[in-house]
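Protein chains get the first letters and strands the later ones, always in sequence-line order, with residue 1 at the start of each.
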Amino acid sequence: MKYNYTDIEKKWQQIWDDNKTFAAKNDYTLPKFYGLVEFPYPSGQGLHVGHPRSYTAIDIVARKKRLQGFNVLYPMGWDAFGLPTENFAIKNHIHPAEVTKMNVANFKRQLKSLGFSFDWDREVNTTDPDYYKWTQWIFLQLYKKGLAYKSQMAVNWCTSCKCVLANEEVVNGVCERCGSEVVQKEKSQWMLKITDYAEKLLDGLEDVDFIERVKTQQRNWIGRSYGTLVDFGTTSGDKFQVFTTRADTLFGATYTVLSPEHPLLDKWADEIENYDEVLAYKQEAAKKSDFERTELAKDKTGVMLKGIKAVNPVNNTEIPIFISDYVLISYGTGAIMAVPAHDTRDWDFAKKFDLPIIEVVAGGNVHEEAFTDCNTGVMVNSDFLNGLSVEDAKVKIQEWLKEKCLGERKTNYKLRDWVFSRQRYWGEPIPMVYCEKCGYVPLNESDLPLTLPNVDSYEPTDNGESPLAKIDEWVNTTCPCCGAPAKRETDTMPQWAGSSWYFLRYCDPNNKDALASKEALEYWGPVDWYNGGMEHTTLHLLYSRFWHLFLYDIGVVPNKEPYAKRTSHGMILGENGEKMSKSRGNVVNPDEIIRDYGADTMRVYEMFIGDFEKAAPWSQSSIKGSKRFLDKVFSLADILVDGDSYRAEIESEIHKTIKKVTDDIETLKMNTAIAALMSLLNTISATGSINRAEFKTFITLLNPFAPHMTEELWEVAGFDGMLNAAEWPQYEEAKCVDAAVEIAVQVNGKIRARINVAADIDAAGAISLAKADSAVAAEIEGKTVIKELYVPKRLVNIVVK
RNA sequence: GCGGGUGUGGCGGAAUUGGCAGACGCGCUAGCCUUAGGAGCUAGUGUCACCGAUGUGCAGGUUCAAGUCCUGUCACCCGCACCA
């Protein structure tokens, strides 16, 4: 039989579509499985071969779970707000909604052509007002709880997108999306107080099954550190606080440093004798972006304040105050105490400005380099702390500070609040109104959704205002509170808004009264398995955990954590090992692969390409191996014979393969699952025939990987019903073993022979058989046997002298 | 600098967690079949001075036995980066 993949794939895709074969059931008594992949941004370029790597893997899991009797939810949708669409729309004079429609249609066609078992009845689209109504609703809840606030602050401004970026969207000082320069701009922005959830976001990681690198990356990003706030007096009478994790070294503090933006500097304008110098330094620092400031990490600069000194609270010593841009206003208190003996940055600074270095932890040579080891040192030169370990000193100094009201424990985070405003058209309008009298007022929930006005021009402005600001009839409204004339907020939400809760909507996508019903959320939540890219770890994944934790706190969702399990796939690189990109000319088009090899081959190839977690280069010649494999499988139909049980000579291999494939799918080791199926196929082919029982098992095991052709073979063989409704094969542990095995015989650890023995032979039996082998006998001839080992089913090792 | 990870044939990658290194696939070689197709089939394919030795980035160590464990070291990738 010829394997006509094009016809077969079209045929089954049509049947699945017509029958809604993969629609999740609303029967909440069944055991459920909710598998999720990141919904794509429907770009104009169409599907990338990277998308199917993730989608196929979870599709395989979903299909297997269905065969194992689970009610499976495997949904798909569109994260369709975003700049590329808007830019394309501007350039081509098509409305972004139209562009989105076209792109979605193309993506959908491509996804369907790959045979994914998505439940298309539950498709969501973040740009649909029925959807973003609830995105706006969640924003209002955040606002009501004080977690959304407006703040005038320096923000990251992409010079090309003409739009604000979140800290998470700035990579190496440039825009994550377009690579253009990011500058600091003072603007009034809506912010989300994700920092209030820092603790919960960290703690929640303990309860979920995320791959370790995801957890680590989120932990580092949140960046918790335990320390102490210490009050320093000054000769001017003012006090300021520093944050330190090493309060134990307080006696070694020989100067302090304020951030150039520290508010006390203004206050001290008259008292600082060298205020001109200070001002000049401040201005210099203000010109640099955060990135530039941190870029020039090596060479530390600063200015010592003249006329004011700080007072160390532990010993009332007067020490200098510096300003330096290596102290960040946005972390801690914007002020530090410097202990050059035990901090490398302080040490560098002290050397440059010739400041005293006082050793307070013995164990290093502080004149050569800072001694930062907390584990081995003993306190010295520290009055009542002398002789204590660092650990004990930390406790004691904290007690002492607390008693004297000079300091307290404090936990700090690197995480910053989330800049939530974007000055663009193609996003969810922020449902807020500004009234001269009432200030910012939220819309009434009954007025949601607040839809985007349908306009012709949505070009970004250069003055930092949203394109919506130009649309007077939309902007001008009345205050929901007092009824007076008022203006709408014209910024829109970032793309991350809609994707922060989309997985909830899939549970109950048409609900008019809530983002999803309680029952649906109870049943389907949490997502059992979520696979997605590492690049979203500190963006989408963190944001959506934040929203979900919040929704849990206000009683909207029944679980704290949205995702029980998170895995991540490696990138598919171009054939030359570089990242696929148009400019590199190494992009592979999925449509062409499907045309030339078929969707099943593409699926099998992408799963066989290598370790799922690692990046793998595309190989046009390797894909042929997958095609050959499927060709051979298809021709099994030509050698199909009767038989309702596995033949004895291949029975154990079949059971082993069932076990291997079953287990490997659960751990995403798709490459070895396919390898096992290839091996089994080779074994079966060598016998010249395959019986119906074997055939049924084989194509069922292969079904999640190559769903079209196995469905066809099922029909050709005349099995009952359709394969997608069949049962996953069972294996018996007892039948996974062979009666006889070949073992290696080593003499002094070197292999001298291979012998066949019964699988259940005892050590003595195996060893005597081994010695009977002529090569082994020759090797031990005339030598003293010191030790004899038998590792069941593996080897015998005879140690001689 | 800190954190995470990876080093195995010409290539992608396996190795039941201390037990026959290189499964499976690509590529390559030879032969067959076809009167050139980038098709199919069969056999071979880590390296070498081809008996036998040797081999998992490098150097040591533990062990009857090390890709796997320990110590040191090198290289590459990813993330964070003056976070006090």
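When Watson-Crick and G-U wobble pairs are counted only if both distances are under 3.5 Å, B:C80 pairs with B:G1. Using N1 to N3 plus N6-O4 or O6-N4 for Watson-Crick, or N1-O2 and O6-N3 for G-U wobble, each under 3.5 Å, B:C32 pairs with B:G40. A 3.5 Å limit on both hydrogen-bonding distances identifies B:A75 as the Watson-Crick or G-U partner of B:U6. The nucleotide B:U56 finds no pairing partner, because no Watson-Crick or G-U wobble arrangement with both distances shorter than 3.5 Å includes it. Pair check for B:G22 finds none; no Watson-Crick or G-U wobble contact set falls under 3.5 Å. Under the Watson-Crick or G-U wobble criterion, with both distances below 3.5 Å, B:U62 is left unpaired in every strand shown. Base pairing analysis places B:G67 opposite nothing; no Watson-Crick or G-U wobble pair with both distances below 3.5 Å involves it.
Taking 4.0 angstrom as the limit, A:R219 places none of its side-chain polar atoms (N or O) nearer than this to OP1 or OP2 of B:G79. Applying the 4.0 Å criterion to OP1 and OP2 of B:A53, one finds that A:R752 has a side-chain N or O inside that range.
Checked by atom type, the side-chain pair A:S225/A:N412 shows no donor-acceptor distance below 3.5 Å.
Taking the nucleotide of RNA chain B with the nearest heavy atom to each of A:Y331 and A:I674, the more 5' of the two is matched to A:I674. Mapping A:N748 and A:T333 onto RNA chain B by nearest heavy atom places A:N748 closer to the 5' end of the strand.
For A:K624 and B:C26, a side-chain-to-base donor-acceptor distance below 3.5 Å is absent, hydrogens and geometry of angles not being considered.
When the C1' atom of B:A84 is taken as reference, atom CG of A:L328 falls 9 Å away, rounded to whole Å.
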Seminar exercise, completed: With B for base contact, S for sugar-phosphate-only contact and - for none (protein heavy atoms under 4.0 Å), nucleotides 10-15 of chain B reads --BSSS
Using atom types as modelled, flag every donor-acceptor pair under 3.5 Å from a side chain in residues 669-681 of chain A to any protein atom, sequence neighbours excluded.
{"residue": "A:T672", "atom": "OG1", "partner": "A:D664", "partner atom": "OD2", "Å": "2.8"}
{"residue": "A:T672", "atom": "OG1", "partner": "A:K669", "partner atom": "O", "Å": "3.0"}
{"residue": "A:S679", "atom": "OG", "partner": "A:A675", "partner atom": "O", "Å": "3.3"}

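When all heavy atoms of A:P340 and A:A370 are compared, the closest pair comes out as O-CB, 3.8 Å.
The stretch residues 569-579 of chain A participates, sequence neighbours left out, in these salt bridge (charged side-chain N to carboxylate O under 4.0 Å, His left out) pairs: A:E578-A:R584.
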